Amino acid sequence: MKPALKDQQLDDLFEAILALETKEECYSFFEDLCTVLELKSISQRYEVAVMLSNHYVYSDIVAETGASTATISRVNRSINYGSGGYEMIFKRLAEKKRSE
């Protein structure tokens, strides 16, 4: 993580998120924490990342998600040049799926 982002408040938030145990707990916590627009924006970026990792083209992603090309480009930069968070979570989810 970039040093400018790392601080006690963010550490505390991540600890709270790590304490969540179920999808319903996530819904309750994030509904209290975020606005509907913030949650929709975050979930849209995640869906864009999933589609990019599955080699969808921008025009299909725009049509499917409603994301702007600027958002898609930003997510693509994060996938290709970021800290590896998307790759890590996609790998874990794939492993989880295989084990089920």
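One-based numbering along the sequence shown. The structure displayed is predicted, hence computed values, not measured ones.
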Rounded distance [0.5 Å steps], [atom1] in [X] versus [atom2] in [Y]:
{"X": "E95", "Y": "L93", "atom1": "CD", "atom2": "CG", "value": "9.5 Å"}
{"X": "R74", "Y": "S68", "atom1": "CZ", "atom2": "OG", "value": "11.0 Å"}
{"X": "S99", "Y": "K97", "atom1": "OG", "atom2": "NZ", "value": "11.5 Å"}
{"X": "E15", "Y": "Q8", "atom1": "CD", "atom2": "CD", "value": "9.0 Å"}
{"X": "R45", "Y": "T65", "atom1": "CZ", "atom2": "OG1", "value": "12.0 Å"}
{"X": "D7", "Y": "D12", "atom1": "CG", "atom2": "CG", "value": "8.5 Å"}

Do [X] and [Y] touch side chain to side chain, with heavy atoms closer than 4.5 Å?
{"X": "Y58", "Y": "N76", "result": "yes"}
{"X": "E87", "Y": "K91", "result": "no"}
{"X": "F30", "Y": "L20", "result": "yes"}

Does [X] [atom1] have over 12 foreign heavy atoms under 6.0 Å away?
{"X": "Y56", "atom1": "OH", "answer": "no"}
{"X": "Y46", "atom1": "OH", "answer": "yes"}
{"X": "E38", "atom1": "CD", "answer": "yes"}
{"X": "Q9", "atom1": "CD", "answer": "no"}

**Request:** Treating Ile, Leu, Val, Met, Phe, Trp and Tyr as nodes and any side-chain heavy-atom pair under 4.5 angstrom as an edge, say whether F14 and L5 lie in one connected cluster.
**Result:**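 Yes, F14 and L5 fall within the same hydrophobic cluster.
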
**Prompt:** Do V57 and I61 share a hydrophobic cluster (ILVMFWY, side-chain heavy atoms under 4.5 Å, transitive)?
**Reply:**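 No; tracing contacts between hydrophobic side chains, which count when under 4.5 Å, never links both residues.
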
**Request:** Using the side-chain contact (heavy atoms from CB on, under 4.5 Å) rule, pick out the option among N80, L52, V50, V75 that qualifies with Y86.
**Result:**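 Exactly one pass, corresponding to V75.
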
**Request:** Can you spot which of I17, L13, L39 makes a side-chain contact (heavy atoms from CB on, under 4.5 Å) with L33?
**Result:**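 Of the listed residues I17, L13, L39, the side-chain contact (heavy atoms from CB on, under 4.5 Å) partner of L33 is L13.
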
**Asked** For the side chain of S28 and the backbone of E25, is there at least one donor-acceptor N/O pair under 3.5 Å apart?
**Response**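 Checked: no pair found.
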
**Request:** Could you tell me which non-hydrogen atom of D11 sits nearest to which non-hydrogen atom of K6, and how far apart they are?
**Result:**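 Looks like OD1-NZ, 4.0 Å.
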
**Message:** Looking at every heavy atom in both V48 and A67, which two are closest together, and how far apart are they?
**Reply:**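 Closest heavy-atom pair between V48 and A67: CG2-CB, 3.7 Å.
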
